[in-house]
Amino acid sequence: MDSKSSPVEMFFFPYVGGGHQIPMVDMARIFASHGAKSTIIATPKHALSFQKSISRDQELGLSISIETLHLPDDTDIADTDMSASPRTDTSMLEEPLKALLAEHRPDCIVHDVFHRWSADAINGLGIPRLVFNGNGCFSRCVAENMGKYKPHETVSSDYEPFVVPGLPDRVELTKSQVPVMMRPPNQNGFGPRKMGKPEENSFGVVVNSFYELEPAYVEYLKKEMGNKAWLVGPVSLCNRNVEDKAERGKKATIDEQQVLSFLDSKESSSVLYISFGSLARLAPEQLLEIAYGLEASNHPFIWAVGKIFRSAGKEKENEEAWLPYGFEERIRESKRGLIIRGWAPQLLILEHPAIGGFLTHCGWNSTLEGVCAGLPMITWPIAAEQFSNEKLIADVLKIGVKVGSLHWVSWSTEPWAAVGRDKVEASVKRLMGGGEEAVEMRRRARELREKAKRAVEESGSSYMDADSLIQELNSLRNP
Ligand code: UDP
């Protein structure tokens, strides 16, 4: 292969939904914009959710395409509607993936850790393998030091705070906020789960973050990975036109004009946007508390409700039982709120000047998207590494207030009303009420927005990292 004439060929194997698929598709588009030849591997059904944005990139002249994995008898992965949980079994893709890689032999493959079998499957093919785990560097360092020092094993109750040792910042957690698989075995039978180590034998990791956001933690990761860590985020910033923003992940279930005219009618920085990401299913009881809290706060809002958890046997209960009586009529008449059932055009909403705050479950993508929009946040973590992200937002970056979420809840556990209406009301008033603390948080958040934008511009830190990975892959061709 001639390293001078043909672009580096990068294959991307995203997960089949949610907060892992979206950033990897963006990442493939970013590398194409840096001159690589990007190919996204997907099943036919899965590809539908991002096909249009790829076609738009192709029209702009970028070298990017989708390669579909054909499964016997036209079968497909069951959950490819953005709600695939980390437990969705995708192993039926193993043989088609291996065949595809053996045929094309790209310069590298970037694969998602939720395809749990993929590291082993790719090892041995002689193709440099890069790992994407969807998280930032801060939460990774917290997890590492939790594993190393086990501070949660020294406390006597689930709610006694402990400090995570060995970090540049003071990070306090309680055992109730630690992922169940990291806790010692308990009476429920949950115990530490052995996690695979996809980074072993890999060529390195690609991360959706940027140096200026979490410098000490980036240094730690780069050192740990022997400099084989490339930060190319925030990847959401590659979505520059309205269509890309409105259809990211999947097409919004609300007409974007309806959202925009609601926002256009509001004062600058006056509206709170509320979303719990692509996976979380809140219980009707919890949604009711949110509704009461929002109404009592008296601030305008857009609430992306997403999927609702239905207990076994209650699946057919009144769809609207989670709203207080007359709530929707009241907010419609007062023009104070907008409820989005289903998928919201999150990027479009966040960047509108009328948005002044983001109540988030602290998924890593949402966290970064809030940063890119220069928004202070109300943090309401639920699962995964979201409690660590909350500490980064509220305690380290000081751009958020905590709602007071105390319980890490596994995807498979029935959720309940963990946070009451009073806490919702108080945190909304604190963030949106115009007090000095909130003004200061907004100022810091806007500074970070500028840093995020600079990172992806020519000669910015993430721009340079993307270029340097391409160069390194190129140099493998002619060692
Ligand atoms: N998202 C969206 N509309 C929705 C819900 C989510 O566009 O109604 C996007 C959001 O912008 C983010 C991703 O889905 O890019 C969610 O990822 P995150 O890491 O925040 O949370 P997860 O869904 O993985 O819990």
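Remember, it's 1-based here, ligands and their atoms both numbered in the order they're listed. Since the structure is predicted, the reported quantities are computational estimates derived from the model, not experimental observations.
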Do the ring centers of Tyr273 and His352 come within less than 6.0 Å of each other? no
Protein contact to [atom] [nearest heavy atom, distance to 0.1 Å]:
{"atom": "atom 13 (C) of ligand 1", "result": "Ile22 CD1, 3.9 Å"}
{"atom": "atom 20 (O) of ligand 1", "result": "Ser366 OG, 2.6 Å"}
{"atom": "atom 23 (O) of ligand 1", "result": "Ser278 OG, 2.4 Å"}

Anything under 3.5 Å between a donor and an acceptor, one on a side chain of residues 209-220, the other on a protein residue two or more places apart or in another chain? List them.
residue, atom, partner, partner atom, Å
Ser209, OG, Glu214, OE2, 2.6
Tyr211, OH, Glu219, OE2, 2.5
Glu212, OE1, Ser461, OG, 2.9
Glu212, OE2, Ser461, OG, 3.3
Glu214, OE1, Cys137, N, 3.3
Glu214, OE1, Phe138, N, 2.8
Glu214, OE2, Cys137, N, 2.9
Tyr217, OH, Asp169, N, 3.4
Tyr217, OH, Asp169, OD2, 2.6

At a 4.0 Å threshold, what atoms of ligand 1 neighbour a non-hydrogen atom of [X]?
{"X": "Gly363", "answer": "18 (P), 19 (O), 20 (O), 21 (O)"}
{"X": "Leu279", "answer": "23 (O)"}
{"X": "Gly19", "answer": "17 (O), 23 (O), 24 (O)"}
{"X": "Ala344", "answer": "2 (C), 3 (N), 4 (C), 7 (O), 8 (O)"}

Option whose closest heavy atom lies nearest to [atom], chosen from [options]:
{"atom": "atom 22 (P) of ligand 1", "options": "His361, Gln386, Glu369", "answer": "His361"}
{"atom": "atom 18 (P) of ligand 1", "options": "Asn365, Asn389, Ile340", "answer": "Asn365"}
{"atom": "atom 1 (N) of ligand 1", "options": "Phe276, Trp364, Tyr15, Trp343", "answer": "Trp343"}

Anything under 30° is parallel, anything over 60° is perpendicular, the rest tilted; go ahead and classify His46 against Phe50. perpendicular
Any residue meeting side-chain contact (heavy atoms from CB on, under 4.5 Å) with Ser91, in chain and number order, not counting sequence neighbours: Asp89, Trp117
Does Lys228 qualify as a cation-pi partner of Phe203, given the criterion of NZ or CZ under 6.0 Å from the six-membered ring centre and within 45 degrees of its axis? yes
Regarding Arg421 and the six-membered ring of Tyr292, is the cationic atom NZ or CZ under 6.0 Å from the ring centre and inside 45° of its axis? yes
Give a yes or no answer on whether the side chain of Ser462 reaches the backbone of Gly233 with a donor-acceptor pair at less than 3.5 Å. yes
Does any N or O of ligand 1 fall below 3.5 Å from an N or O anywhere on Ser275, backbone included? no
Which heavy atom of Ser139 sits nearest a heavy atom of Asn389, and at what distance? CB-OD1, 3.7 Å
